[in-house]
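For the numbers below, each heavy atom of this structure counts, side chains included, while hydrogens, waters and symmetry mates do not. Just so it is clear, the model here is predicted, and its values are computed rather than measured. Convention: sequence-line order gives letters A, B, ...; per-chain numbering from 1.
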Number of protein chains: 2
Amino acid sequence: MSTTGRGLHGHVLETLGPAITAGEYPPGSVLRTDELAQQFDVSRSVMREAVRVLESMHLVESRRRVGVTVRPKSEWNVYDPQVIRWRLAGADRPHQLRSLTVLRSAVEPVAAGLAAKNATAEQCAELTECALGMVANSRGHQLEGYLFHDIAFHRVILNASGNEMFARLGDVVAEVLAGRTHHEVMFEDPDPAAVTLHVQVAEAVRARDAARAEHLVREITVGALQELDILAPGK
Amino acid sequence: MSTTGRGLHGHVLETLGPAITAGEYPPGSVLRTDELAQQFDVSRSVMREAVRVLESMHLVESRRRVGVTVRPKSEWNVYDPQVIRWRLAGADRPHQLRSLTVLRSAVEPVAAGLAAKNATAEQCAELTECALGMVANSRGHQLEGYLFHDIAFHRVILNASGNEMFARLGDVVAEVLAGRTHHEVMFEDPDPAAVTLHVQVAEAVRARDAARAEHLVREITVGALQELDILAPGK
DNA sequence: GTGACAAATAAGTCTGACTTTTTCTTCCCG
DNA sequence: CGGGAAGAAAAAGTCAGACTTATTTGTCAC
């Protein structure tokens, strides 16, 4: 699942990244490369590479005679999959989950509309297959099977949209859906209405009915947003 | 405007990044660190740092005994502002511009709806100010003045949405809008209908009318999409 | 107080030697 | 003739140390 772990510099990132995104170093904090290198027991070259990566994510800024200063959250590259993973793994998880769900609610309906126009026959078939898989696993606490097909379904929609930016959100959506099943409370079987909606989306895409596909997915994402409000009301 | 240029490794990135995103090295191409270091006349340490950054953008993958292999476009971190800049600066510009405009058409309406709910009094004022600035610069070929207020307007909307992911798209939107004025053909004064829409959006947000704000911005983005189809018709 | 000059500091750079992993080659045995 | 194991080769990965350079801070004279 994790992509970085390779190499010493990857190990450093796997520790420093989460620490920074978790807010352990408040914005403006100053770190020194040599000091960090000692703490992590690696050479300065390795630490420098790690710092360069953090810098490319806009998590920190390296300036001469000053050191490595932590940037405010508002400047982070919050679309970097690595940053998203780190934040989802830390204390910021609920907030990040909400942000991503809102993003989903904006992107997925439009993606579905485009998918209805651009999906290949093969993608239509995959979509139907996923929807059927969801139906088959929708009762009797087969949450894992349901999740698997749910993720695949949304991935196909995003890919079929034909927009590369949408397609790259597949992992994000997967993370959000998986989080809902694994971390959040999920005793019950999935909402039957949601299952029906997915089946109807597959139909709409197959029928090239863009407006209907968009509307249906909008209903799905509205449901996801409401779910969040139930779990963590307020604001 | 450019963020990277600092340091030797930044200079290398400024050359290698655009080259890769422009497709000069086809996916699967193998580069060797030492060779690159020689070509750019920098030490291996510097080149390694550059490669690490490219790796964190998923543009390349570094493997032992193999070298630095270029990854397929489908794996790039296409939301990385740096990658976006590089692609906008290269041959991929039209395609990238289209992707981003589609993304805008998904995100901005939803952001406007949220802004109507969450905008502070100050943000409402800024919004009105921007809209007025657009009106004032909408006639007589004052394209730069118009662009300035247009960018500010959309930035305020995205920030006022209260969603960090939306807020971080401010630079992207700015880039798209600026591109339309500077690179694409733009002899005429801006479409009066678009100007009116912006004013109405400011009103809707001030009136806390989320549905109306969302609808109005959707009209704006639809206009932007149509503009693209006029300039580069087909698919 | 202001401006210039000097010192301190931490990042930036380079080099060369060494290690480790992975792949290719070769060669022997079945 | 095929397959697998041992060895060689190649390139990234790691480390240590010396040196450079930009930036800040502090001081002193005016």
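In this structure, B/Ser45 does not reach the C/dT15 phosphate: none of its side-chain N or O atoms is under 4.0 Å from OP1 or OP2.
Listed by chain and number, the residues in a side chain to side chain contact (heavy atoms under 4.5 Å, CB included) with B/Glu129 amount to none (sequence neighbours excluded). By the ring pair (Phe, Tyr, Trp, His ring centres under 6.0 Å) test, A/Phe40 is found to be paired with no residue, residues two or more places apart in sequence or in another chain being considered. Take A/Tyr79 and apply the ring pair (Phe, Tyr, Trp, His ring centres under 6.0 Å) test, not counting sequence neighbours, and it matches B/Tyr79. A/Phe166 is linked by a ring pair (Phe, Tyr, Trp, His ring centres under 6.0 Å) to nothing, counting only residues two or more places apart in sequence or in another chain. Residues forming a ring pair (Phe, Tyr, Trp, His ring centres under 6.0 Å) with B/His9 (at least two apart in sequence, or on another chain): none. With sequence neighbours excluded, the residues forming a side chain to side chain contact (heavy atoms under 4.5 Å, CB included) with A/Arg32 are A/Glu35, listed by chain and number.
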List the steps and the verdict of ring pair (Phe, Tyr, Trp, His ring centres under 6.0 Å) for A/His154 and A/His149. CA-CA 9 Å; A/His154 290 272; A/His149 289 96; over 10 Å; no
Where do B/Glu49 and A/Arg48 land on the salt bridge (Lys or Arg N to Asp or Glu O under 4.0 Å) test, with the steps shown first? CA-CA 8 Å; B/Glu49 287 171 28; A/Arg48 284 180 56 75; 3.0 Å; yes
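The interatomic distance linking B/His11 (NE2) with C/dT13 (C1') rounds to 16 Å, in whole Å. The separation between B/Arg65 atom CZ and C/dT25 atom P is 9 Å, rounded to whole Å. In this entry the distance linking CZ of B/Arg64 with C1' of C/dT23 reads 13 Å, nearest Å. One interatomic measurement links the two molecules: CD of A/Glu49 to P of C/dG12, which rounds to 13 Å at whole-angstrom precision. One atom, CZ of B/Arg63, and another, C1' of C/dT23, lie 10 Å apart when rounded to the nearest Å.
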Per-pair distances, 0.1 Å, donor-acceptor, side chain in residues 16-28 of chain B, under 3.5 Å, sequence neighbours excluded:
from    : atom 1 : to      : atom 2 : distance (Å)
B/Thr21 : OG1    : B/Gly17 : O      : 3.0
B/Thr21 : OG1    : B/Pro18 : O      : 3.1

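Applying the salt bridge (Lys or Arg N to Asp or Glu O under 4.0 Å) test to residues at least two apart or on different chains, the pairs with a partner in residues 67-77 of chain A are A/Arg71-A/Glu75, A/Lys73-A/Asp92. Applying the side-chain hydrogen bond (donor to acceptor under 3.5 Å, both in side chains) test to every pair with at least one member in residues 162-173 of chain A, sequence neighbours left out, gives these pairs: A/Arg155-A/Asp171, A/Glu164-B/Arg87, A/Glu164-B/Ser99, A/Arg168-B/Asn77.
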Are there any protein N/O atoms within less than 3.5 Å of an N/O atom in nucleotides 16-18 of chain C, and if so, which ones and at what distance?
from   : atom 1 : to      : atom 2 : distance (Å)
C/dG16 : N7     : B/Arg44 : NH2    : 2.8

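For A/Leu8 and A/Val66, each mapped to the nucleotide of DNA chain D holding its nearest heavy atom, the one lying further toward the 5' end belongs to A/Leu8.
Near DNA chain C, meaning a heavy atom under 4.0 Å away, the residues from residues 25-43 of chain A are A/Leu31, A/Arg32, A/Thr33, A/Asp34.
Where DNA chain D meets chain A (any atom under 4.0 Å from a heavy atom), the bounding nucleotides read 5' to 3' are D/dT14 to D/dT25.
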